[in-house]
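Notes follow once the structure below has been shown.
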There are 2 protein chains.
Amino acid sequence: MATIKDIAKLLDISVSAVSMALNDSPEIGEKTKIKVREAAKQLNYIKNGSAIDLQRQKTNIVLLITDNPTRSYFTDSLQVIQQELIAKHIDLVIITANDKHKGTAERFISENRADAVICMSKFISEEFINLYANKNMPVFVLGRAAKLITNEHVINVPLDYKRVGEDITEYLIAKGHRKIAFVRGSRTSIGSNYRYKGYLRTLKKYQFELDKELVFEARGSDYDHGYGITESMVEHIASGRVDGIFYATDDLAVGGLQKLLERGISVPDDVSIVGYNNYPISRMVTPPITTVDLHQQQIMRRVAKSLIAMMEGNKAKAELVQKLQQSAIFHSEIIERSSVKSRE
Amino acid sequence: MATIKDIAKLLDISVSAVSMALNDSPEIGEKTKIKVREAAKQLNYIKNGSAIDLQRQKTNIVLLITDNPTRSYFTDSLQVIQQELIAKHIDLVIITANDKHKGTAERFISENRADAVICMSKFISEEFINLYANKNMPVFVLGRAAKLITNEHVINVPLDYKRVGEDITEYLIAKGHRKIAFVRGSRTSIGSNYRYKGYLRTLKKYQFELDKELVFEARGSDYDHGYGITESMVEHIASGRVDGIFYATDDLAVGGLQKLLERGISVPDDVSIVGYNNYPISRMVTPPITTVDLHQQQIMRRVAKSLIAMMEGNKAKAELVQKLQQSAIFHSEIIERSSVKSRE
DNA sequence: TTGTAGGCGTTATCAT
DNA sequence: ATGATAACGCCTACAA
C-alpha cells in the first residue's frame, strides 16, 4: 500500500509537504497540491485511519452498543442520536453485544477505539465499564440501576421508570377491568421488569389482590413469544378469569392478539389488551392496540447533547449529569385505540 | 493516559517486556507478568487500539454498511454474517449510509478502517468503491447491478433477481385472479424494482394486458406507506377493477391490510393480497398474509464464508466469485397463508 | 513555500 | 527472560 512517503519519494519533495497538500493546507502552493493529488491517484494512495487516530489522539467516533439493532425500540434512539452527532461531524458506529457475543464491544471499549460510548446493552457489565471509562472516552450507560458505578467518567442515565406501568394499569382499572393479567417479556429487559413492578404497585394501590396465576412469562419480547404464551391464557379467558391483558411490549401484544383471534376470542369484547412502547405495528393490526408512548426520542436527544457537550469539554460533568437526571424522566402518554373496552 | 512506556518506567524494565507481559507471551516470567499487570492497574493503563492496528497493519474489523439497521430485512443478514465472523474472531461494526448522511461510511472506507467491507447500501457509489477497494480491504457489494466495477478487489454479489416476482404473480393467476394490482415500494429499493419487473413479465407471459392504473406508488416500504397508498385503491376494489394485490413487501401489505379492513373490504373475500419477504409480522396479522421467502440467510452465509476465505487469502478470487455467483440465486418459496382465495 | 525531525503507542526483531 | 531499537503512517512544530 502506498503511503505519503511513497508520494514524497516519487515527487522528490518532503513528506510534510505531501501531508499538508493532501489536507489542503493553505501553506502549500496550488501547483504542488495538484502534483501531489495526481501522484496519490497514480500510486493508489489510501489514507491510513489508524495512523491518523494515533497521531491525533482522537478517533472522532462514538460507539453505540445495543443488544439488537433490528429491534423496533432501537429505531427512535438511533435516529435521534445520529442526527445530533452528524450535526457535529462526529461518526457513529453500532456494535452489538448480547449473550452470545460481547467480545467486539468489549474490545472496542478496552482498546479505546472511540471518543465516547453509549451503552444500551445489558451485557456489558458495570465492572467492565468502570475499568475502562476514562477522560478520553466517557461512557454513557442507559437504562440501568448502575449501583456499582464508581468511575467518574461513567454517566449513568437511569431513565426514570418509577411510574412506568402504573399509568396503563390504572387506565385499565378505570375502564372497569378487575382481572388483569400481565405478560412479562424478556427477563433481562429492565423496561419490561419495571412495567411489571408498576403493575404490581398499582394493583396494591387499588387493593386488588395479586393472582399469581395471572402473571405469565413470555421469556422474550417478540411476536412469537406473545403468540406462544397466549395459548396458555385462552383457558383463563374462556372461563372468565381474565378480562384484560397487559403485555409488556407491543410486539408481545401483536403476537398475542393473533393467537386470541385464532382461538375465536374477540378483542376487546371478550378481553381487552394493551401493549407498551407505541411501536408502529401496534396501530397496524385489527383492532389497533392501545399502548403507551414513552417519548423516548426526547430523552435520547438530551443524552446525545450531553455527550457532545462532554466531548467538547465545555461543561462541567456535574452540571450535565444533573440536567440529564432531570430530563431522563419518561413522559408516558397513553395512546388510546380500540383494543380496550369499558366494562361495568 | 498511561502507556506501556509509563509502566516500563515505573517498574524499570523495558517496554518490550511490558508489551509481551501484557500479551501473556510465554517468553516472559510469571513474576514479571504479575508485576506488570499490577502496575497497569495502578496506572490505569488502557490499550490504544489505533497503535495496535497501525503496528499490525490490520484491524480485524469487518464493516457492514446498511441503509437502516432497524429494517426487518436486515435481521437475517446481520445474524448470519455475525455468526460466521464471530467463529473466526473477527469483529463486525455496523455503519449506516443513507440519503441524509453517508460521510461516516465513506470515511471508514476511504481511510481503510477495516479489513473488509460488506456494502448493502445503495448510497455508496460504485465509483467511490472502485476508488478505495484494495487488497487489504476487499469490498463486497450486494444487490446491485454494479456495471461500473473495475476494481478487482470489489466482489459484486448481484443476487439473482431474475425470477423474483414471477413466482407469486403466477400463483395469483393460477388461483384465478385476473385483475392484479401492484404496489411498488421505495423507488431506490432494487428488490422492489425487480419484483415489479417480474410482475410485468408474468402478465405479459400470460398475455394479460397491463393496466397502468393498477400500478401504485407507495414511495416507501413501511407500514405507513402501505396504509396510505391503499386508500387510493379502495375505489378500484369496490368497483371490481381489482381482485388481487401484490405488495412489494410484507410491511406494505400489513399496512394495506389494515386500511382494507378499516374500509370494510374483506380479505381475501373481496380481494386477495400477497406480500414479499416473509417477515415475521406477515403471519401475525389477520388474515395471515401469503408471501414469499427468499431464503436470504443461505446467501448471506455464502457471502460471509467467501469474505472470510478472501481475508484469509487462501482462495483465488476468481474461484470465490464463481461460487458466489452460483449461490447468489434466490430460492424463493411461496408461503401460503390465508390472504388469498381461489377465484373462478 | 517547503524541509527536518520528533513523536503518537504499540509490536517485532534482534541481541544479550 | 529481558532489553534496545526500529518500524507502522501520519502530523506538526520549527527551521530554512
Side-chain angles (χ1 to χ4, degrees), chain A residues 1-37 39-40 43-60 107-108 110-115 132 134-137, chain B residues 1-37 39-40 43-60 107-108 110-115 132 134-137:
Chain A
M1 296 267 41
T3 72
I4 52 172
K5 268 186 197 163
D6 299 318
I7 300 179
K9 207 169 291 169
L10 179 68
L11 299 176
D12 200 34
I13 60 177
S14 78
V15 285
S16 52
V18 175
S19 171
M20 294 168 102
L22 251 18
N23 290 316
D24 207 23
S25 156
E27 322 233 330
I28 293 288
E30 202 51 46
K31 346 93 196 200
T32 326
K33 282 184 187 172
I34 295 177
K35 274 198 312 185
V36 168
R37 282 194 274 258
L43 292 178
N44 246 300
Y45 167 73
I46 295 177
K47 270 203 172 102
N48 182 315
S50 313
I52 296 176
D53 288 349
L54 177 58
Q55 152 66 30
R56 292 239 166 96
Q57 295 289 85
K58 209 167 174 294
T59 62
N60 202 44
R107 177 165 83 106
F108 270 67
S110 69
E111 295 180 353
N112 249 253
R113 298 182 107 91
D115 294 343
Y132 292 107
N134 63 77
K135 193 169 183 316
N136 299 330
M137 188 185 70
Chain B
M1 296 266 45
T3 70
I4 51 172
K5 271 184 194 163
D6 299 318
I7 300 179
K9 207 169 291 169
L10 179 69
L11 299 177
D12 200 35
I13 59 176
S14 76
V15 284
S16 48
V18 175
S19 172
M20 295 169 99
L22 251 18
N23 291 315
D24 206 24
S25 156
E27 323 231 331
I28 293 288
E30 201 52 46
K31 347 89 192 196
T32 328
K33 282 184 188 172
I34 294 177
K35 272 198 314 183
V36 168
R37 281 194 273 257
L43 293 177
N44 246 301
Y45 167 74
I46 296 177
K47 268 202 170 100
N48 182 315
S50 313
I52 297 175
D53 288 349
L54 176 58
Q55 150 67 28
R56 290 237 168 99
Q57 294 291 85
K58 209 167 173 294
T59 63
N60 202 44
R107 177 166 84 105
F108 270 67
S110 69
E111 295 180 353
N112 248 252
R113 298 183 106 91
D115 294 343
Y132 293 107
N134 63 77
K135 193 169 182 316
N136 298 330
M137 187 184 69

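Just so it is clear, the model here is predicted, and its values are computed rather than measured. All values below come from the heavy atoms of this structure, side chains included, with hydrogens, waters and symmetry mates left out. Order of the sequence lines sets the chain letters (A, B, ...), proteins ahead of strands, with each chain counted from 1.
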task = Would you give the length of the straight line joining atom OG of A/Ser50 to atom CZ of A/Arg113, rounded to the nearest 0.5 angstrom?
result = 7.0 Å
request  = Starting from the C-alpha separation in whole Å, work towards a yes-or-no answer on side-chain contact (heavy atoms from CB on, under 4.5 Å) for A/Asp24 and A/Lys33.
outcome  = CA-CA 7 Å; A/Asp24 207 23; A/Lys33 282 184 187 172; 3.0 Å; yes
A/Asn134 side chain to A/Tyr132 backbone, donor-acceptor under 3.5 Å = yes
remark   = Nearest heavy-atom approach of B/Asp53 to B/Thr59 is OD1-CA, 3.6 Å
ask   = Starting at CG of B/Leu11 and ending at C1' of D/dA1, how long is that distance when rounded to a whole Å?
value = 15 Å
task = Can you tell me the distance, in whole Å, between the NZ atom of A/Lys58 and the C1' atom of D/dC11?
result = 15 Å
query = To the nearest angstrom, how far is A/Ile13 atom CD1 from C/dT1 atom C1'?
reply = 11 Å
ask   = Is there a side-chain contact between A/Leu11 and A/Val36 (heavy atoms, below 4.5 Å)?
value = yes
request  = Would you give the length of the straight line joining atom CE of A/Met1 to atom NZ of B/Lys135, rounded to the nearest 0.5 angstrom?
outcome  = 10.0 Å
Separation of atom NZ in A/Lys33 from atom C1' in C/dT2, rounded to whole Å = 13 Å
request  = Determine to 10° how strongly the helix from C/dT1-D/dA16 to C/dT16-D/dA1 is bent, judged from the axes of its five-pair ends.
outcome  = 40°
remark   = Rounded to the nearest 0.5 angstrom, the CD-CG distance for A/Gln57 and A/Asn136 is 7.5 Å
message = How many whole angstroms separate atom CG of A/Asp6 from atom P of D/dC8?
response = 10 Å
remark   = In 5'-to-3' order, the base (B), backbone-only (S) or no-contact (-) status of each nucleotide in nucleotides 6-16 of chain C, using a 4.0 angstrom heavy-atom cut-off, is -BBBBBB----
request  = Working to the nearest 0.5 Å, report the span between CD1 of B/Ile52 and CZ of A/Arg107.
outcome  = 8.0 Å
